[in-house]
K.L.:
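Got a structure for you, written out below as C-alpha cells; questions coming shortly.
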Amino acid sequence: MSASNMNMNNRVTFYEEKNFQGRSYECSSDCADMSSYLSRCHSCRVERGCFMVYDRSNYMGNQFFMKRGEYSDYMSMMGMSDCIRSVRMIPMHRGQYRMRIYERDNFGGQMHEMMDDCDNVMDRYRMSNCMSCNVMDGHWLMYEQPQYRGRCMYMRPGEYRNFMNQGMSQGMRFMSMRRINDSYY
C-alpha cells in the first residue's frame, strides 16, 4: 500500500463528552475550524494515523500530538481546555529525516543538522536555544523541554524563521526534537 493510500485511511473521532459520549465529529483530514461541528471536546478516538490538535482555529495556539489510541478524558489528561478548534492530519513519511536547527531567529547563531531524535540540544550541541529551523525531510515534533517534555510543536517540511509566526508565545524555544516515524502509525 502506498503512503498516499495509507494517509487516506487516517481517522479520528472527537466527542463532546468524556468516555466517547455525546455529539461526535469524525475527521480524516485537516480541519481549520471545528467549532461548527462541536461546541467542546472531552474525549477522542484515533483509529488510524497521527494528528495534531490545536486549541485555536487555523492551527494556532497550544498543540497536542495524538497517535492511534483512545483518549477517554483527553482534555484533563493533557491539561488542555475543552476547546479543540482545529486538527491537522500528519501524513506518513517514508525516507530520510533531515532538519537544521538554529540558535536564534531568522537562522542566526549556531546551526546543527539533525537526522535523528535529540533528547537534549544543550547536551548534544551545547546550544542553549533553538529559535528557528529548516525542515528539509520528514515530520518532527519539537518540545520546549529536554526529554520530549512540555509544550510541543509540529514541524512539517518548510522554513520556520520565527516560532511566534506559528502561534507560539514570544521567546518560545525548543530543547528536544523527535521524528514522527512509522512506529507512531
K.L.:
Between N62 and R151, which heavy-atom pair has the shortest distance, and what is it?
P.N.:
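Closest approach of N62 to R151, heavy atoms only: OD1-CD, 3.6 Å.
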
K.L.:
When the ring centroid of F174 is compared with that of F163, is the distance short of 6.0 Å?
P.N.:
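Ring centroids of F174 and F163 are less than 6.0 Å from each other.
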
K.L.:
What's the shortest heavy-atom distance between N134 and Y102, and which atoms?
P.N.:
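Scanning both residues completely, I find the closest heavy atoms to be N-CE1, 4.3 Å.
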
K.L.:
For a quick test of reading the model, state the closest non-hydrogen atom pair linking G22 to E17 and the distance between them.
P.N.:
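Taking G22 first and E17 second, the nearest heavy atoms are CA-CG, 4.1 Å.
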
K.L.:
For residues F14 and Y37, establish whether the separation of their ring centroids is below 6.0 Å.
P.N.:
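So the answer is no for these two rings.
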
K.L.:
Going by atom types alone, do E16 and S39 pair a side-chain donor with an acceptor below 3.5 Å?
P.N.:
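S39 and E16 do have a side-chain donor-acceptor pair below 3.5 Å.
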
K.L.:
For residues H139 and Y154, establish whether the separation of their ring centroids is below 6.0 Å.
P.N.:
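Centroid separation for H139 and Y154: below 6.0 Å.
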
K.L.:
CE/M89 to CE/M52 distance, rounded to the nearest 0.5 angstrom?
P.N.:
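Atom-to-atom, M89:CE and M52:CE are 14.0 Å apart.
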
K.L.:
Is R178 salt-bridged to D119, going by a charged N under 4.0 Å from an acidic O?
P.N.:
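Salt bridge absent between R178 and D119.
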
K.L.:
Could you check D137, D116, D117 and say which one makes a salt bridge (Lys or Arg N to Asp or Glu O under 4.0 Å) with R179?
P.N.:
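Filter result, single survivor: D117.
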
K.L.:
Please name all residues satisfying side chain to side chain donor-acceptor pair (under 3.5 Å) with N129, sequence neighbours left out, ordered by chain then number.
P.N.:
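Expected list: R173.
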
K.L.:
Search all heavy atoms of V87 against all heavy atoms of C27 and return the closest pair with its distance.
P.N.:
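Taking every non-hydrogen atom into account, CG1-SG, 3.6 Å.
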
